[in-house]
K.L.:
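Here it is: the structure, laid out below.
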Amino acid sequence: MASVGPSTASTQPALPSGPAVFITIPYAFILPEIVCGTWVWILVAATSVSLPLLQGWVMYVSLTSCLISLLLLLSYLLGFHRNSENWKVLDSLYHGATAILYMSAAVLQANATINSELGPNSPLYYQLNCAASFFAFLTAFLYILHAFSIYYQ
């Protein structure tokens with residue numbers, strides 16, 4: 001007969017630290033979020049920024065999100081979380097809020113792309129804006145995926 005011990009409650013998986021961050025879902029999305037967000041910022045900066053209000057918001061969201069995501073990645077790599085459940089909540093809230101901000105930035109960048117179609121240097125700036133729009137929507141999708149993956153983990 002098996003011994004009856006204390007009931008083992010389902011334990012939450014440990015938060016990754018070190019190189020395990022790069023192979024554990026959803027934390028593996030952080031590096032692509034940073035890379036794609038950096039491309040958004042670079043591509044918008046390479047245009048003439050003819051609509052500073054629209055594209056200024058895009059650059060603000062992309063640059064701020066890249067920096068905060070980089071800090072979050074470094075904190076996971078260095079193990080600052082100490083396997084606290086509060087980090088999951090922080091991670092989910094950050095990625096959920098950033099997903100909303102990035103979706104607004106992607107829509108504004110798409111609008112700037114449409115407006116740049118007939119401007120001066122239109123072929124080059126239009127292509128750069130198209131690429132920036134693509135990466136903005138891709139980055140928004142990555143942030144959404146990350147937020148929901150944490151939530152359903």
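Along the sequence shown, the residues carry numbers beginning at 1.
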K.L.:
How long is the gap from CG on L142 to CD1 on I30, to the nearest 0.5 Å?
P.N.:
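That separation rounds to 11.5 Å.
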
K.L.:
Please give me the minimum heavy-atom distance between A132 and V40, naming the atom from each residue.
P.N.:
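Nearest heavy atoms, A132 then V40: O-CG2, 3.9 Å.
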
K.L.:
At their closest point, which heavy atom of F137 faces which heavy atom of A110, and how far apart are they?
P.N.:
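Looking at all heavy atoms of both residues, the shortest contact is CE1-CB, 4.1 Å.
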
K.L.:
Would you say V107 ends up clustered with I100 if hydrophobic residues are merged whenever their side chains have heavy atoms under 4.5 Å apart, either directly or through other cluster members?
P.N.:
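They do not share one cluster, since no chain of ILVMFWY contacts under 4.5 Å joins I100 to V107.
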
K.L.:
Where is the tightest heavy-atom contact between Y94 and S65, given as atom of each residue plus distance?
P.N.:
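Y94 and S65 have their closest heavy atoms at OH-O, 3.1 Å.
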
K.L.:
Which distance, rounded to the nearest 0.5 Å, do you find between the CG of L101 and the OG of S62?
P.N.:
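Output value for this atom pair is 11.5 Å.
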
K.L.:
Taking the side chain as every heavy atom from C-beta outward, state whether T98 and H146 have any pair of such atoms under 4.5 Å apart.
P.N.:
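Not touching, per the 4.5 Å side-chain cut-off.
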
K.L.:
When rounded to the nearest 0.5 angstrom, what is the spacing between OG in S69 and CG in L74?
P.N.:
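Output value for this atom pair is 11.0 Å.
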
K.L.:
Determine the minimum heavy-atom distance between V58 and A105, stating which atoms define it.
P.N.:
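Closest approach of V58 to A105, heavy atoms only: CG2-O, 3.2 Å.
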
K.L.:
Is the backbone N or O of I34 less than 3.5 Å from a side-chain atom of T38, with the two atoms forming a donor-acceptor pair by type?
P.N.:
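A pair under 3.5 Å: yes.
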
K.L.:
Testing L54, T47, N129 for side chain to side chain contact (heavy atoms under 4.5 Å, CB included) with T113, which one passes?
P.N.:
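Testing each of L54, T47, N129 against T113, the sole residue satisfying side chain to side chain contact (heavy atoms under 4.5 Å, CB included) is N129.
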
K.L.:
Mind checking whether W41 and L71 sit in one hydrophobic cluster, side chains of I, L, V, M, F, W, Y counted as touching below 4.5 Å?
P.N.:
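No; tracing contacts between hydrophobic side chains, which count when under 4.5 Å, never links both residues.
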
K.L.:
Give a yes or no on whether V35 and M59 share a hydrophobic cluster (residues Ile, Leu, Val, Met, Phe, Trp, Tyr; joining criterion: side-chain heavy atoms under 4.5 Å apart).
P.N.:
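They do share one cluster, since a chain of ILVMFWY contacts under 4.5 Å joins V35 to M59.
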
K.L.:
Quick one: pull up CD1 in I68 and CD in E33 and give me the separation to the nearest 0.5 Å.
P.N.:
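Going from CD1 on I68 over to CD on E33, the span is 12.0 Å.
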
K.L.:
Rounded at 0.5 Å granularity, tell me how far CG in L72 sits from NE2 in H95.
P.N.:
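Here the rounded value is 6.0 Å.
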
K.L.:
Answer yes or no: is there a side-chain heavy-atom contact under 4.5 Å between L53 and W57?
P.N.:
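No. Closest side-chain heavy atoms not under 4.5 Å.
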
K.L.:
Minimum heavy-atom separation for G37 and C66, please, with both atom names.
P.N.:
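Scanning both residues, the minimum pair turns out to be C-SG, 3.4 Å.
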
K.L.:
Mind checking the CZ-CG spacing from F134 to L43? Nearest 0.5 Å is all I need.
P.N.:
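Atom-to-atom, F134:CZ and L43:CG are 11.0 Å apart.
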
K.L.:
Evaluate L124 against L128 for side-chain contact (heavy atoms from CB on, under 4.5 Å), listing each step before the verdict.
P.N.:
CA-CA 6 Å; L124 174 64; L128 289 171; 4.1 Å; yes

K.L.:
Would a 4.5 Å heavy-atom cut-off, applied to side chains only, mark N115 and N111 as touching?
P.N.:
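The answer is yes, as the side chains (C-beta and beyond) meet within the 4.5 Å cut-off.
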
K.L.:
With under 30° as parallel and over 60° as perpendicular, where do the rings of F135 and W39 fit, or are they tilted in between?
P.N.:
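Rings of F135 and W39: parallel, as their planes differ by under 30°.
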
